[in-house]
K.L.:
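Below are the structure tokens for one structure; questions will follow.
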Number of protein chains: 2
Amino acid sequence: MSDLTLEDIARQAGVSRSTVSRVVNGQPNVSDKVRNRVLDVIQNTGFHPNAAARTLASQRSWTLGLLLPHSVSFFFTDPYYPHLTKGIAQACNQYDYTLALFLVGTKEDEDKIFPRVSRKGLLDGVIVQSGHHGDQSIIGRLVDANMPLVVAGRPFRFDNVSYIDIDNIQAAYSAVRHLIGLGYRRIGTISGPVSSTVGIDRKEGYLKALAESSIPFDESLVAEGDFTESGGYAAMQSLLPAGPDAVFAASDIMALGAIRAVREAGLRVPEDVAFVGFDDLPLAALSNVQLTTVHQPVVQFGIKAVEVLIDLVENGIAPPRHVIMDTELVVRGTCGASLRR
Amino acid sequence: MSDLTLEDIARQAGVSRSTVSRVVNGQPNVSDKVRNRVLDVIQNTGFHPNAAARTLASQRSWTLGLLLPHSVSFFFTDPYYPHLTKGIAQACNQYDYTLALFLVGTKEDEDKIFPRVSRKGLLDGVIVQSGHHGDQSIIGRLVDANMPLVVAGRPFRFDNVSYIDIDNIQAAYSAVRHLIGLGYRRIGTISGPVSSTVGIDRKEGYLKALAESSIPFDESLVAEGDFTESGGYAAMQSLLPAGPDAVFAASDIMALGAIRAVREAGLRVPEDVAFVGFDDLPLAALSNVQLTTVHQPVVQFGIKAVEVLIDLVENGIAPPRHVIMDTELVVRGTCGASLRR
DNA sequence: TTCAGAATTGGGAGCGCTCCCAAAAATTAT
DNA sequence: ATAATTTTTGGGAGCGCTCCCAATTCTGAA
């Protein structure tokens with residue numbers, strides 16, 4: 001039982017509180033003899049220092065917060081979030097930090113949670129998953145509160161903020177280039193919401209690729225999805241009359257919904273409509289489609305976010321750090337690459 | 001900025017530290033005049049009491065831990081976990097607790113995390129998602145450490161532990177009864193791993209329903225899945241030669257994989273093979289199958305777990321509390337109910 | 001008007017650590 | 001051998017709160 005204190009251990013080991021503290025924290029300048037004696041006592045008492053006392057005295061909590069704002073519903077429909085959470089949780093564990101999770105859905109949630117995430121004494125720093133318009137408020141408040149902060153995803157404003165992201169424009173561009181290279185010309189897209197940076201950026205990459213190949217932009221080939229399976233399904237139904245021969249979907253889960261719509265319409269993938277998705281989550285390979293998709297390193301993304309945040313905590317928040325991670329096109333079945341060549 | 005302390009606020013409001021503390025904690029016995037004066041100062045300084053100091057002094061952290069052991073990989077393949085997490089996170093927020101998340105995959109993870117979850121001063125209590133053999137070790141250690149603890153899912157041993165669960169046997173039983181009632185006789189099952197309580201219990205319910213209707217048990221109609229889509233797919237492939245006319249799958253996600261296998265084999269759902277799943281996650285209704293399934297109240301389950309844990313924290317861990325939540329069969333398309341009658 | 005009793009307020013002690021500085025012990029140089 | 005360093009050890013102060021008890025102020029009944 002850990003109702004023991006440093007003082008108890010000190011008494012049992014016949015040393016002082018300070019020495020035990022040094023041993024516990026792995027500090028030098030303790031003789032081996034004493035260190036081992038203390039270590040023994042700790043070992044067989046099962047002592048663990050009190051976290052609150054340590055935090056109070058050291059002004060460090062060794063706890064990081066993960067804030068998932070306005071994405072509470074997505075958290076369950078899009079496997080992206082669980083994967084990101086996994087990476088972050090793993091990294092926290094690796095670096096001996098504790099992870100506090102905050103799902104904030106409404107403005108009231110935000111107000112209720114803000115005091116807890118902004119206050120020192122609970123969290124050393126915060127990772128905010130962002131990319132949505134509505135997330136900017138909490139980011140601004142966190143910046144004002146001077147909290148060490150890493151945004152996962154490019155924020156809308158606040159370029160004085162550290163963030164880590166992928167190059168969505170470039171990634172989408174290369175996905176669509178791939179389709180063009182395979183000979184498709186009526187290429188549609190199911191974009192993310194225009195209220196999100198990823199929605200905007202991935203669509204921009206799509207447009208850029210078309211423009212570069214002088215393929216005229218056809219508005220009827222663009223539908224906005226919401227990063228859900230059913231959203232992809234609905235978007236595809238609105239696209240079908242325009243007769244696309246290929247579709248770039250801004251997420252795997254939307255691609256899956258879209259493919260379902262295509263098949264229900266009696267068409268084949270990729271023979272009638274080819275697909276490229278985005279994310280490369282396990283479901284892309286598992287599903288009855290072999291989805292060609294843009295791989296983004298979700299787990300590593302989370303790990304990197306933690307690393308940057310710890311850097312901020314330990315070395316100060318200025319200047320802001322910006323990390324762009326690499327993506328890669330993974331060619332599987334749905335783009336029809338094997339048919340065309 | 002919250003580098004302010006109680007003392008600062010006290011000075012500004014012309015009262016004592018104790019009075020500010022009373023106001024902050026909503027205690028009675030403060031005159032309205034003084035209370036409002038203090039409240040004003042707090043308001044326009046943006047003061048928040050230091051969490052670590054409060055924890056140290058009160059021996060309560062207002063933080064709960066959620067431990068997802070041996071399920072790190074499931075966390076992403078089975079949407080059940082994100083949903084559970086959502087319920088727990090929501091409830092924590094509602095009751096003004098902070099949620100700390102621990103994903104433990106390996107034995108090393110467990111050892112690394114254990115000191116943090118068991119030690120007072122960080123967590124007031126812990127929720128452990130369980131049901132797997134491998135989870136018992138950490139549960140035992142937590143019990144020994146005298147930590148307020150709620151197990152989500154029936155644990156294997158430790159009936160001196162509080163848990164909350166659904167009646168898996170009964171739920172599976174009624175699902176299979178439904179199939180029998182529709183006239184199916186070669187009913188197979190894709191069970192969960194026998195290393196999990198849900199795997200065991202849901203299979204038991206299946207067997208019970210068969211026995212009650214004097215349908216002989218045919219071993220070739222039972223396949224063990226692993227709660228993944230691909231596991232369900234593989235299990236179904238091994239079931240197909242036995243010619244089932246209906247299948248009870250122990251989770252929705254496995255049912256989806258199984259349905260994919262059936263369709264790839266050129267058979268129809270529910271005409272050739274009917275299905276009942278388990279969970280009733282959104283994907284059951286969204287998917288291109290309209291999955292008949294056992295609804296379990298995942299989010300409420302999480303909320304209940306938090307409520308029980310808070311009860312434990314505030315009123316002592318003895319006697320252990322046991323809560324069994326209701327399930328309900330949701331009839332959609334895949335069981336063929338509409339065809340048969 | 002006076003005083004018991006209730007309501008309010010203030011301050012000390014303490015929660016269990018870290019950090020700093022001074023004291024003690026061990027080491028090396030003279 | 002002694003003096004000058006260096007290494008190790010101990011203890012005080014303090015982190016910012018809560019909790020308890022005593023001091024003060026306010027009631028209203030005698």
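Scope of the values below: all heavy atoms of this structure, side chains included, with no hydrogens, waters or symmetry mates. Residue numbers begin at 1 in each chain, while the letters A, B, ... track the order of the sequences.
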K.L.:
Do we see a donor-acceptor contact under 3.5 Å between the side chains of B/Ser137 and B/Glu110?
P.N.:
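Result is yes, a qualifying pair exists.
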
K.L.:
Of B/Leu56 and B/Val34, whose nearest nucleotide on DNA chain C comes first from the 5' end?
P.N.:
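Nearer the 5' end of the strand: B/Val34.
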
K.L.:
Within this structure, what is the CG-OG distance for the pair B/Asn146 and B/Ser118, rounded to the nearest 0.5 Å?
P.N.:
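It comes to 11.0 Å.
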
K.L.:
Answer yes or no: is there an ion pair linking B/Arg321 with B/Glu307, defined by an N-O contact shorter than 4.0 Å?
P.N.:
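Judged by the 4.0 Å cut-off on N to carboxylate O distance, B/Arg321 and B/Glu307 do not form a salt bridge.
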
K.L.:
The helix from C/dT1-D/dA30 to C/dT30-D/dA1: angle between its terminal axes, five pairs each, to 10°?
P.N.:
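Computed angle between terminal axes is 40°.
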
K.L.:
Check side-chain hydrogen bond (donor to acceptor under 3.5 Å, both in side chains) between A/Thr63 and all other residues, then give those that pass, not counting sequence neighbours.
P.N.:
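Residues passing side-chain hydrogen bond (donor to acceptor under 3.5 Å, both in side chains) with A/Thr63: none at all.
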
K.L.:
Please determine whether salt bridge (charged side-chain N to carboxylate O under 4.0 Å, His left out) holds for the pair A/Arg141 and A/Asp111, giving the CA-CA distance in whole Å, both sets of side-chain angles, and the decisive distance to 0.1 Å.
P.N.:
CA-CA 10 Å; A/Arg141 295 171 75 178; A/Asp111 290 337; 3.0 Å; yes

K.L.:
Could I get the full list of side-chain contact (heavy atoms from CB on, under 4.5 Å) partners for A/Arg11, not counting sequence neighbours?
P.N.:
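With sequence neighbours excluded, A/Arg11 shows a side-chain contact (heavy atoms from CB on, under 4.5 Å) to A/Glu7, A/Asp8, given in chain and number order.
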
K.L.:
Can you name the nearest heavy-atom pair linking B/Ser162 to B/Pro320, along with the distance?
P.N.:
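Residues B/Ser162 and B/Pro320, closest heavy atoms: OG-CA, 3.3 Å.
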
K.L.:
Can you list everything that forms a salt bridge (Lys or Arg N to Asp or Glu O under 4.0 Å) with B/Arg35? Sequence neighbours excluded, please.
P.N.:
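Partners of B/Arg35 by the salt bridge (Lys or Arg N to Asp or Glu O under 4.0 Å) criterion come out as none, since no residue qualifies.
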
K.L.:
Under a plain distance cut-off of 3.5 Å, with no hydrogens placed, do B/Thr197 and B/Arg154 share a side-chain donor-acceptor pair?
P.N.:
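Side-chain D/A pair, B/Arg154 to B/Thr197: absent.
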
K.L.:
B/Ala53 or A/Arg35: which one's nearest nucleotide on DNA chain D is closer to the 5' end?
P.N.:
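The residue whose closest nucleotide sits nearer the 5' end is A/Arg35.
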
K.L.:
With a strict under 4.0 Å distance from non-hydrogen atoms of chain B, what nucleotide opens and what nucleotide closes the contacted stretch of DNA chain D, reading 5' to 3'?
P.N.:
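Terminal contacting nucleotides, 5' to 3': D/dG16 to D/dC20.
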
K.L.:
Looking only at heavy atoms, what is the nearest atom pair of A/Ser195 and A/Phe156, with distance?
P.N.:
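Taking every non-hydrogen atom into account, O-CZ, 3.4 Å.
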
K.L.:
Near DNA chain C, counting only heavy atoms under 4.0 Å, which residues of residues 12-29 of chain B show up?
P.N.:
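By residue number: B/Val15, B/Ser16, B/Arg17, B/Ser18, B/Thr19, B/Arg22, B/Asn29.
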
